[in-house]
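Contents: one structure, followed by commentary.
Quick caveat, the model's predicted, so the values are computed rather than measured. Counting convention: from 1, in listed order, for ligands and their atoms alike.
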Amino acid sequence: MDAATTTLLYYGALLLSAAAFLYLFSHRRRSGVNNNLPPGPTGFPLVGSLPSLDPQLHAYFARLATQYGPIFSIRLGSKLGVVVTSASLAREVLRDNDLAFSGRDVPDAARSISYGGGQNIVWNPVGPTWRLLRRVCVREMLSPAGLDNVKALRDREFRATLRHLHAQAAGGVPVDVGAQMFLNTMNVITGTLWGGNVGGAGGGEAQRAAVGKEFRDLVAEITEMLGAPNVSDFFPALARFDLQGIRKKSDVLKDRFDQMFARIIEQRVVKAADEHAAAGEAPAPDFLEYMLRLEKEGGDGKAAFTMTNVKALLMDMVVGGTETTSNTVEWAMAELMRAPPLLAKVRQELDAVVGRDAVVEEAHLPRLPYLHAVVKETLRLHPALPLMVPHCPDADATAGGYRVPAGTRVFVNVWAIMRDPAAWKDPEKFVPERFMPGGGAGGEETRKLDFTGGEMEYLPFGSGRRICAGIAMADRMTAYSLAMLVQAFDWELPAGARLDMEEKFAIVMKKATPLVAVPTPRLSRPELYAA
Ligand code: HEM
């Protein structure tokens with residue numbers, strides 16, 4: 001289709017939508033159906049507040065909340081958004097009326113990435129399939145016991161990363177901290193899923209960097225696309241025209257992952273089965289093997305489990321688990337580098353528990369409370385998903401005494417809630433002590449500020465039935481990664497560089513400028529890095 005036809009179609013469809021919208025709007029006003037929505041900006045006819053949206057959506061919504069209150073509505077094309085910005089309203093939406101608000105309003109890009117929308121965990125409505133998929137993942141892969149089963153694999157990948165960083169340090173080469181943490185996390189996740197990594201362990205430094213970058217770019221493109229304003233989402237009637245080409249790009253990205261997944265599965269199903277049979281061995285005890293068995297059985301009797309579910313779950317884990325974890329470690333390092341006394345405190349703890357004659361291991365983590373406090377404080381100030389994954393009621397619901405119509409996109413602004421001065425003393429300051437027993441920075445003694453979403457002032461992983469499925473893995477990976485970086489190296493910015501803490505909004509928020517720093521070994525013997 002040429003550009004002129006596309007433009008004609010675009011404006012034609014826009015006009016049609018405008019007419020439909022105006023009719024609906026006046027009809028609703030006459031019939032009083034539109035009453036009792038949360039207050040909010042009036043916006044423009046047809047497009048609503050779309051032209052006023054700030055790319056830093058989390059901060060923009062926080063500003064609107066100061067004007068319209070802790071629950072406000074915002075018209076985005078033909079879609080209604082409702083934004084919740086207080087702990088008590090978050091409780092109402094995520095816990096008290098959990099089921100009513102547990103649906104998802106699936107963005108067009110997500111429909112492509114998730115094999116149609118109903119095949120994975122993140123974009124599935126709550127129901128038998130979602131329950132089966134979540135149970136499969138949490139019980140077999142992401143539970144503490146499931147994680148213990150693959151501890152050796154994590155050790156192997158962390159050691160590979162340590163060796164890589166040591167080689168960079170020897171050459172005085174600056175390291176992109178987020179990129180390295182991404183590759184480390186990606187390799188742990190893919191190792192846990194199908195026993196392999198995406199490269200790096202044995203392929204030399206250049207290959208490691210290239211493969212890591214390729215995958216990171218792919219995942220970043222996906223998460224940017226999921227958060228990008230898309231005409232297809234705001235005017236579903238126009239979705240089939242894919243006016244910004246987002247669906248097309250998403251399909252290409254999905255296909256790249258799909259081909260990789262198909263190759264891995266085929267190798268496992270065809271080759272490995274024959275080889276194992278010939279050698280009289282049991283199949284590899286990884287998550288893929290478990291899923292393939294379930295796929296053969298066809299599900300759990302209540303919901304089917306197909307090969308598409310296998311691939312959609314692999315996508316969930318790879319997309320949902322990598323950037324979230326590595327960006328958190330990058331933010332934590334940046335916060336520590338700009339607060340040397342706090343960095344010294346983390347070091348003191350590590351030196352007391354591990355010393356400098358050994359490399360930190362997962363077994364040390366339970367004895368590092370200050371390090372955990374740093375991770376928690378990082379997630380308070382820089383939650384990986386600042387607006388979570390939007391929820392959506394299937395039928396008309398209420399929140400804060402207002403009507404929330406079926407199909408509304410409900411954003412919980414956890415970024416703003418975790419900076420609320422009513423709940424947090426000096427909320428903009430990075431103070432890990434507030435998460436230490438007796439830290440005293442705002443009543444923590446009486447609050448259980450952990451990752452379970454029990455206290456609604458602190459919910460970096462969400463709360464209620466749709467709470468993050470990967471908390472146990474995220475907890476271990478962030479703490480272990482940060483411990484390794486801080487214990488094994490000193491870090492300095494390259495000459496002339498400035499530490500920039502600006503955020504860049506996407507469904508997964510990142511640092512606007514990557515943290516690049518030069519490591520210097522600090523363990524007692526070089527051999528420790530090579531073990
Ligand atoms: C620091 C790291 C992470 C953070 C901050 C985080 C945060 C979140 C949040 C806020 C949600 C949305 C909750 C809601 O919609 O109510 C979510 C959902 C999810 N996360 Fe995480 N996550 C992290 C790491 C991981 C990891 C490592 C995995 C798996 C390997 C994972 C898998 C998932 C899945 C599958 C969902 C969808 C749950 C559902 O819709 O039922 N996440 N995460």
Side-chain angles (χ1 to χ4, degrees), residues 58 84 90 93-95 98-99 101-106 110 114 117-127 129-138 140-143 146-147 150 154 181-182 184-186 188-193 219 223 226 287 312-332 375-376 378-392 409-415 417-418 451-453 456 458-482 507-510:
H58 59 307
V84 161
V93 167
L94 299 176
R95 295 193 79 96
D98 183 5
L99 190 55
F101 284 97
S102 65
R104 297 282 196 215
D105 177 29
V106 186
S114 62
Q119 308 288 341
N120 66 341
I121 300 179
V122 183
W123 300 109
N124 227 317
V126 164
T129 304
W130 173 82
R131 254 178 231 110
L132 169 66
L133 300 180
R134 241 191 109 108
R135 199 172 57 240
V136 163
C137 280
V138 173
E140 294 302 319
M141 173 184 170
L142 299 170
S143 64
L147 292 172
V150 282
R154 279 192 299 284
M181 289 302 100
F182 178 89
N184 188 55
T185 310
M186 182 86 174
V188 168
I189 289 183
T190 55
T192 312
L193 289 171
V219 174
T223 53
L226 291 175
F287 186 59
L313 279 184
L314 294 178
M315 187 79 93
D316 261 358
M317 303 294 113
V318 168
V319 174
T322 48
E323 259 196 326
T324 44
T325 304
S326 62
N327 290 1
T328 303
V329 180
E330 187 182 5
W331 279 115
V375 173
K376 283 183 175 174
T378 303
L379 282 164
R380 182 186 71 81
L381 274 180
H382 311 289
L385 279 78
L387 298 176
M388 301 205 325
V389 180
H391 287 223
C392 176
R409 195 174 278 197
V410 179
F411 300 91
V412 180
N413 193 343
V414 289
W415 178 85
I417 291 172
M418 294 194 289
F451 295 152
T452 59
M456 305 308 283
Y458 187 66
L459 60 175
F461 292 93
S463 183
R465 76 185 66 203
R466 289 216 87 128
I467 196 168
C468 174
I471 297 176
M473 179 176 251
D475 189 11
R476 275 190 211 197
M477 288 295 294
T478 47
Y480 192 9
S481 306
L482 187 63
I507 193 166
V508 179
M509 187 160 69
K510 56 182 68 128

Atom indices of ligand 1 within 4.0 angstrom of Thr328 heavy atoms, with elements | 1 (C)

Closest to atom 10 (C) of ligand 1 among Gly320, Cys137, Pro383, Pro460 (heavy-atom distance) = Pro460

Examine Arg465 against ligand 1 and note whether any of their N/O atoms are separated by less than 3.5 Å.
-> no

Considering only the protein, which heavy-atom contact is closest to atom 24 (C) of ligand 1, and what is its distance?
-> Thr324 OG1, 3.4 Å

Any donor and acceptor pair, going by atom type alone, linking the side chain of Arg154 with main-chain N or O of Leu147 inside 3.5 Å?
-> yes

Please answer whether the main-chain N or O of Thr452 pairs with a side-chain N or O of Tyr458 as donor and acceptor at a distance below 3.5 Å.
-> no

Is Arg466 in polar range of ligand 1, meaning some N or O pair under 3.5 Å apart?
-> yes

For Thr129, does its backbone N or O pair with a side-chain atom of Asn124 as donor and acceptor, under 3.5 Å?
-> no

Among all protein heavy atoms, pick the one closest to atom 16 (O) of ligand 1 and tell me residue, atom and distance.
-> His391 NE2, 2.8 Å

Select one of side chain, backbone, both or neither to describe which atoms of Leu142 lie under 4.0 Å from any atom of ligand 1, heavy atoms only.
-> side chain

Around atom 32 (C) of ligand 1, find the nearest protein heavy atom and jot down its residue, atom name and distance.
-> Gly470 N, 3.8 Å

When every non-hydrogen atom of Val150 is compared with those of Thr192, the smallest separation belongs to CG2-CG2, 3.8 Å

Heavy-atom donor-acceptor pair, Asp98 side chain to Gly464 backbone, under 3.5 Å = no

At a 4.0 Å threshold, what atoms of ligand 1 neighbour a non-hydrogen atom of Trp130?
-> 39 (C), 41 (O)

Protein residue, atom and distance nearest to atom 22 (N) of ligand 1, heavy-atom basis = Cys468 SG, 3.1 Å

Would you say the side-chain atoms of Arg466 pair up with the backbone N or O of Phe101, donor to acceptor, closer than 3.5 Å?
-> no

Could an N or O of ligand 1 be found under 3.5 Å from any N or O of Arg134, whether backbone or side chain?
-> yes

Between the main-chain N or O of Leu313 and the side-chain N or O of Asn120, is there a donor-acceptor pair closer than 3.5 Å?
-> no

Would you check if the side chain of Arg135 reaches a backbone N or O of Glu140 as a donor-acceptor pair within less than 3.5 Å?
-> no

Looking at Leu379 and Ala384, what are the two nearest heavy atoms and their distance?
-> CD2-N, 4.3 Å

Between Arg104 (side chain) and Val122 (backbone), is there a donor-acceptor pair under 3.5 Å?
-> yes

Considering only heavy atoms, which of Met317, Met509, Met477 lies nearest to atom 30 (C) of ligand 1?
-> Met317

For the pair Asp316 (side chain) and Ile121 (backbone), establish whether a donor and an acceptor sit closer than 3.5 Å, ignoring hydrogens and angles.
-> yes

If you have a sec, work out which protein heavy atom is nearest atom 6 (C) of ligand 1 and how many Å separate them, to one decimal?
-> Phe461 CD2, 3.5 Å

Considering distance alone, does some N or O of Thr325 sit under 3.5 Å from an N or O of ligand 1?
-> no

Does Arg104, backbone or side chain, put an N or O under 3.5 Å from an N or O of ligand 1?
-> yes

What residue and atom, counting heavy atoms only, is the protein's closest point to atom 37 (C) of ligand 1, and at what distance?
-> Val122 CG2, 3.6 Å

Looking at Ile121, which atoms of ligand 1 are within less than 4.0 Å of one of its heavy atoms?
-> 38 (C), 39 (C), 40 (O), 41 (O)

Ring geometry between His58 and Trp415 (parallel below 30°, tilted from 30 to 60°, perpendicular above 60°) = perpendicular

of all protein heavy atoms, closest to atom 27 (C) of ligand 1 is Gly321 CA, 3.5 Å

Where is the nearest protein heavy atom to atom 12 (C) of ligand 1: which residue, which atom, and how far?
-> Val389 CG2, 3.8 Å

Under 4.0 Å from any heavy atom of Ala384, which atoms of ligand 1 are there?
-> 5 (C)

Report yes or no: does Ser463 contribute a side-chain atom to a donor-acceptor pair with the main-chain N or O of Gly453 at less than 3.5 Å?
-> yes

Atoms of ligand 1, numbered as shown, that sit under 4.0 Å from any heavy atom of Met388 | 14 (C), 16 (O)

